[in-house]
Amino acid sequence: MKKSLLSVYVILLFLTLVSAVISSASFLSKTIVLLLMGLAAAKFILVAFHFMELKKAHNFWKITLIFSLFLIMSIMILLK
């Protein structure tokens, strides 16, 4: 259990560093914005499933979380 949490924590740190490096680019195109949103979504899913222990929850909550994430990201992409 501790090894799993540690590996997820290291992955989250790596994704955060990658996001910081990408966002420090001198230009922000639509592709970079989409990439950053994808990294943020991946971090959100990792935190929800591993640290909030959503992987043990009922399937309704898992589907609701993923659907709401998809909905919010779609709205943000359409507004961009």
Side-chain angles (χ1 to χ4, degrees):
M1 180 72 174
K2 286 186 179 182
K3 191 172 185 177
S4 170
L5 290 177
L6 182 64
S7 62
V8 171
Y9 182 67
V10 169
I11 292 170
L12 286 170
L13 285 174
F14 176 73
L15 290 175
T16 302
L17 289 174
V18 169
S19 298
V21 168
I22 291 173
S23 67
S24 68
S26 60
F27 64 94
L28 289 177
S29 67
K30 189 169 186 171
T31 307
I32 292 176
V33 172
L34 291 176
L35 180 63
L36 288 172
M37 287 178 57
L39 289 172
K43 292 191 295 186
F44 177 77
I45 293 292
L46 281 172
V47 168
F49 277 87
H50 290 282
F51 292 106
M52 295 170 57
E53 296 187 8
L54 193 63
K55 60 185 169 187
K56 297 177 184 177
H58 192 272
N59 285 337
F60 171 78
W61 296 112
K62 295 176 191 178
I63 293 169
T64 303
L65 179 91
I66 292 172
F67 177 74
S68 61
L69 175 66
F70 176 75
L71 184 67
I72 290 169
M73 289 191 62
S74 298
I75 291 170
M76 290 175 67
I77 289 171
L78 290 174
L79 292 177
K80 174 69 176 128

Practice item. Tell me who clusters with I63, hydrophobic residues only, linked when side chains sit under 4.5 Å apart either directly or through other members. Key: none
Exercise for review: Is it possible for you to say whether L13 and L46 belong to one hydrophobic cluster, with membership spreading through side-chain heavy-atom contacts below 4.5 Å?
Suggested key: yes
Check your understanding: If you count the non-hydrogen atoms of other residues, nucleotides and ligands that lie under 6.0 Å from CZ in F51, is the total more than 12?
Key -> yes
Practice item. Supply the members, apart from M76, of the Ile/Leu/Val/Met/Phe/Trp/Tyr cluster built from side-chain contacts under 4.5 Å; use none for a lone residue. Key: V33, L34, M37, F44, I45, F49, L54, F60, W61, L65, I66, L69, I72, M73, I77
Study note, to complete from the structure: Between the CG atom in L35 and the OG atom in S19, the distance rounded to the nearest 0.5 Å is 7.5 Å
Review point. How many angstroms lie between atom CG of N59 and atom OG1 of T64, to the nearest 0.5 angstrom?
Key: 10.0 Å
Exercise for review: May I ask you to decide if H50's main-chain N or O and K55's side chain share a donor-acceptor pair within less than 3.5 Å?
Suggested key: no
Review point. Do V47 and L17 sit in the same hydrophobic cluster, where Ile, Leu, Val, Met, Phe, Trp and Tyr count as joined when their side-chain heavy atoms come under 4.5 Å apart?
Key: no
Review point. For the atom pair CD1 (I22) and CG (L15), what is the distance rounded to the nearest 0.5 Å?
Key: 9.5 Å
Review point. CG of L39 to CG of L12: how many Å apart, nearest 0.5 Å?
Key: 11.5 Å
